[in-house]
Amino acid sequence: MARSRTSSPASALESLAHHDLLDPPEKGREGSRWALRQALGGHAVRAFRAVNHDALAATLAGLPPGKGAEASALRGRLLRLLGDLPRARRAFARSLSAAPNARAAGWLGEMLIGTQPRRALKLLARAASLDASWPWPRLWTAAALLELGKGAAARAELDAFVRLGGGRPCILGLLHFQAAMLERKPALALAFAEAAIAADPAGPAGYEAAARALQALGREPAAMSRMHDARDLDFDVTGAFLYERGRFEMNWNDPDALLARLDAEIAARPRVAGLYAERAELKRLPRLCRYEEALEDYAKAVALEPRRAWLRAVLGRARNNFSGGRAGLADFDAAVRLAPRGGWIRAWRGAVLARLGESRKALADFAAAERLMPWYSFTYAWRGALLNRLGAFDEARRDLDTALRLDETYTFSVYERFRALRGLEDYPAALRDLNAAFAADPKFVWDGPERELDAAVKARPDLAWLHAWRGFRRLGLGRAAEARADFDRALARERGSALIFAWRARARHASGRSASALADLKRAARLSPRLWVVHQALAEIHEARGEKRRALRSISTAARLAPTTVSFLLVKARLELELGRFSRALATTERTLQLDARGADARALKARALVARGMSRSARGRIADFRRALDLAPEIFSPEERGRISALTADAA
């Protein structure tokens with residue numbers, strides 16, 4: 001006999017989970033954020049976890065002990081929603097082995113949709129037979145059928161879901177859209193997508209769905225307009241530029257090939273604003289670093305579509321990144337006026353205002369962004385950073401925890417959480433975050449005053465990494481003997497760290513102990529052969545000993561392991577030049593200038609490489625190299641040399 005949902009403990013959890021996930025009453029944009037087959041296929045509860053993670057964790061902790069079917073099912077559901085999938089599977093298996101249980105079968109089926117849709121269908125059918133009044137298995141069955149490409153059957157399940165009282169307009173419109181597209185009925189799909197937009201006008205997924213249906217109907221201008229609408233609401237919306245990209249998949253790991261394709265697309269369709277914006281985004285990548293050209297492309301896109309909010313926002317970001325200060329703020333203001341529901345635009349403007357010290361305005365923007373896009377990690381990361389600067393460390397930590405639950409790959413969030421934990425004097429946790437941030441990007445270091453670090457070491461002398469970071473700080477200040485003592489204390493407590501051995505090697509070398517420094521580096525290389533710090537230190541020691549070829553090999557390895565570190569490339573180019581490898585030195589300096597277009601050291605090195613190469617070339621090639629060198633870095637030549645080069649160029653002309 002079917003049990004009543006209302007009398008079961010599962011009903012409260014179901015209300016907490018699915019109603020909030022799919023169409024939360026206070027945050028109605030969240031459900032439509034996710035592509036439906038992904039969201040219902042067991043891959044994405046990140047946005048939901050950001051909102052209700054603490055409530056779920058508290059519920060799990062408060063469950064009474066017990067291994068019965070009902071208790072195990074509830075425990076499994078909570079674990080699944082908290083992202084602990086292996087333990088959730090075990091809990092569901094215990095529940096099903098204890099007794100036939102609709103909740104365990106349904107929840108396990110929902111969990112398997114994205115990976116094992118056929119097995120999921122069997123479990124969901126079992127759940128529906130055990131409790132015919134429970135609507136959610138019908139929705140999950142529809143999602144599994146969509147995964148298998150069975151659109152008509154999925155729509156029948158959706159109708160059953162509605163009859164059982166489980167439906168909400170936005171989510172159902174998008175699911176029906178998926179089903180109709182699979183049935184090759186784009187006109188019907190468009191109607192469902194427009195219904196989803198009407199139900200949730202601030203959700204980007206409805207606009208993107210409408211664009212796909214319009215594309216299928218051959219209505220290209222209308223499709224493009226809907227795609228722009230989607231990106232106004234969510235800059236990262238998936239697939240929003242299938243049209244502008246010429247319907248080819250972009251391989252961002254091969255930017256040179258992709259740039260060539262975009263150039264060809266722009267030549268064929270020079271009035272498509274999105275193409276210029278995509279090319280600008282590509283040129284901002286570390287592999288290319290063509291920032292001035294990117295800024296020109298953003299400006300061209302805005303000139304073509306001046307009333308598109310997202311284009312104004314990316315232009316504002318580019319201007320601010322390139323020039324700093326208040327540059328670009330007017331573009332952000334215009335973008336907010338054009339798309340007041342674009343939460344990410346508010347978050348980006350908030351970050352600019354925070355850097356300008358306008359804390360009150362920044363906090364207002366972050367609050368609006370959180371209300372409009374509660375899944376957007378950038379908002380919590382930058383508000384956490386601002387709260388750190390304001391000394392509100394506990395609030396900052398909560399925001400940064402949320403940011404990392406939403407996107408664990410954003411190193412800025414890791415570093416800012418280190419600063420919050422440091423402010424709360426939770427040094428063990430702070431050091432874990434700092435070391436993780438430093439490993440991802442060496443610009444992230446302990447940035448407080450030295451007395452703060454001394455106080456931390458005094459408070460927790462047992463923590464190896466506190467001694468290590470104080471040694472790193474002292475080494476940077478030229479106090480090699482004190483740094484070496486700190487590293488000795490750190491290694492007495494932590495013998496397995498390649499990084500600390502590498503740092504001590506540099507301190508030993510600075511103290512004139514090259515042999516012991518090399519021994520430390522050999523130990524570090526055995527512990528972590530891909531740690532760039534080891535090869536950087538080896539290069540320094542080999543060069544100091546006059547072993548330039550060995551130094552070049554070591555710094556080349558460091559540059560491969562950290563390809564965007566300009567200082568490694570500068571050392572590599574200088575050593576290549578000193579060893580007479582002029583063409584290689586030129587290639588290295590060109591790569592350096594891609595990363596730092598205004599770098600005076602790189603420009604001077606390239607000019608010297610051109611002059612050196614010119615000495616071995618024919619007269620015409622020599623004059624061309626000298627002329628390029630003079631244009632690039634005139635300051636490296638004396639007035640007499642500049643005059644001779646100008647005269648040679650005039651004679652050649």
Side-chain angles (χ1 to χ4, degrees), residues 411 414-415 418 427-446 453 456-457 460-565 567-572 575:
T411 308
V414 181
Y415 180 69
F418 146 71
Y427 296 121
L431 285 166
R432 283 194 297 272
D433 278 349
L434 178 57
N435 293 332
F438 181 85
D441 191 334
K443 73 182 178 186
F444 293 119
V445 297
W446 190 295
L453 193 47
V457 172
R460 292 297 305 272
D462 57 308
L463 295 179
W465 278 99
L466 280 176
H467 296 283
W469 275 102
R470 188 169 67 176
F472 181 79
R473 168 67 65 84
R474 288 172 166 175
L475 183 61
L477 294 171
R479 292 150 56 185
E482 294 174 75
R484 194 175 68 248
D486 267 329
F487 294 137
D488 289 342
R489 283 189 284 269
L491 287 168
R493 296 165 173 81
E494 175 60 72
R495 299 293 298 174
S497 171
L499 183 59
I500 301 176
F501 274 109
W503 285 349
R504 189 175 70 173
R506 295 180 68 186
R508 282 178 162 177
H509 173 60
S511 302
R513 302 181 180 183
S514 295
S516 57
L518 285 171
D520 270 349
L521 289 172
K522 288 178 182 177
R523 177 73 178 271
R526 285 196 299 272
L527 288 167
S528 182
R530 293 186 59 78
L531 185 64
W532 56 262
V533 175
V534 174
H535 303 283
Q536 177 197 23
L538 277 169
E540 291 174 357
I541 294 172
H542 286 314
E543 187 175 8
R545 291 159 65 105
E547 301 166 346
K548 291 190 177 181
R549 284 183 172 79
R550 287 185 174 181
L552 178 57
R553 283 198 297 272
S554 295
I555 201 64
S556 297
T557 302
R560 274 199 310 275
L561 295 171
T564 61
T565 305
S567 60
F568 295 173
L569 293 169
L570 287 171
V571 174
K572 181 174 181 284
L575 287 169

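Side-chain atoms are counted along with the backbone in the values below, which use heavy atoms only and exclude waters and symmetry mates. Positions are given from 1 along the sequence.
Atom CD1 of I555 is separated from atom NZ of K548 by 14.5 Å, given to the nearest 0.5 angstrom. Distance CD1/I500 to CG/L491: 5.5 Å, rounded to 0.5 Å. Separating the CZ atom in R523 from the CZ atom in F501 is a distance of 4.0 Å, to the nearest 0.5 Å. For the atom pair W532 CH2 and T565 OG1, the distance stands at 6.5 Å (nearest 0.5 Å). For the atom pair CD1 (I541) and CZ (R550), the distance works out to 12.0 Å, reported to the nearest 0.5 Å.
Tested against L575 for a side-chain contact (heavy atoms from CB on, under 4.5 Å), the candidates R553, R549, E543 yield a single pass: E543. Looking at L466, D462, L463 one by one, the single match for side-chain contact (heavy atoms from CB on, under 4.5 Å) with P428 turns out to be L463.
Inspection of the S514 and R545 side chains reveals no N or O donor paired with an N or O acceptor under 3.5 Å.
Across every non-hydrogen atom of L527 and S497, the tightest pair is CD1-C, 4.1 Å. Listed here is the closest heavy atom pair of V534 and A524: CG2-CB, 3.6 Å. Between S554 and A539 the shortest heavy-atom distance is CB-N, 3.6 Å.
For D488, the side chain to side chain donor-acceptor pair (under 3.5 Å) partners at least two apart in sequence or on another chain are R504.
Annotation: salt bridge (Lys or Arg N to Asp or Glu O under 4.0 Å) contacts involving residues 529-541, sequence neighbours excluded, comprise R506-E540.
R484 places a side-chain heavy atom less than 4.5 Å from the side chain of R513. At least one side-chain heavy atom of H467 sits under 4.5 Å from a side-chain heavy atom of R493. Counting heavy atoms from C-beta outward, K572 and L552 have side chains that approach closer than 4.5 Å. Considering only heavy atoms from C-beta on, F418 stays 4.5 Å or farther from R432 through its side chain.
Relative ring orientation between W465 and W503 is described as perpendicular, the plane-to-plane angle rising above 60° on a 0-90° scale split at 30° and 60°.
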Exercise. Start with the C-alpha gap between Y415 and L434, add the side-chain angles, then the distance that decides, and say whether side-chain contact (heavy atoms from CB on, under 4.5 Å) holds.
Key: CA-CA 6 Å; Y415 180 69; L434 178 57; 3.9 Å; yes
Quiz item: Between R560 and H535, does a side-chain contact (heavy atoms from CB on, under 4.5 Å) hold up when you go through it step by step?
Solution: CA-CA 10 Å; R560 274 199 310 275; H535 303 283; over 6 Å; no
Quiz item: Under the side-chain contact (heavy atoms from CB on, under 4.5 Å) criterion, do D520 and F487 qualify, and how do the steps go?
Solution: CA-CA 11 Å; D520 270 349; F487 294 137; over 6 Å; no
Sequence neighbours left out, cut at 3.5 Å: what donor-acceptor pairs do the side chains of residues 469-477 make with other protein atoms?
residue: W469; atom: NE1; partner: N435; partner atom: OD1; Å: 2.8
residue: R470; atom: NE; partner: D486; partner atom: OD1; Å: 3.3
residue: R470; atom: NE; partner: D486; partner atom: OD2; Å: 3.1
residue: R470; atom: NH1; partner: D454; partner atom: OD1; Å: 3.2
residue: R470; atom: NH2; partner: D486; partner atom: OD1; Å: 3.1
residue: R473; atom: NH1; partner: G448; partner atom: O; Å: 3.1
residue: R473; atom: NH2; partner: W446; partner atom: O; Å: 2.6
residue: R473; atom: NH2; partner: G448; partner atom: O; Å: 2.9
residue: R474; atom: NH1; partner: D486; partner atom: OD2; Å: 2.9

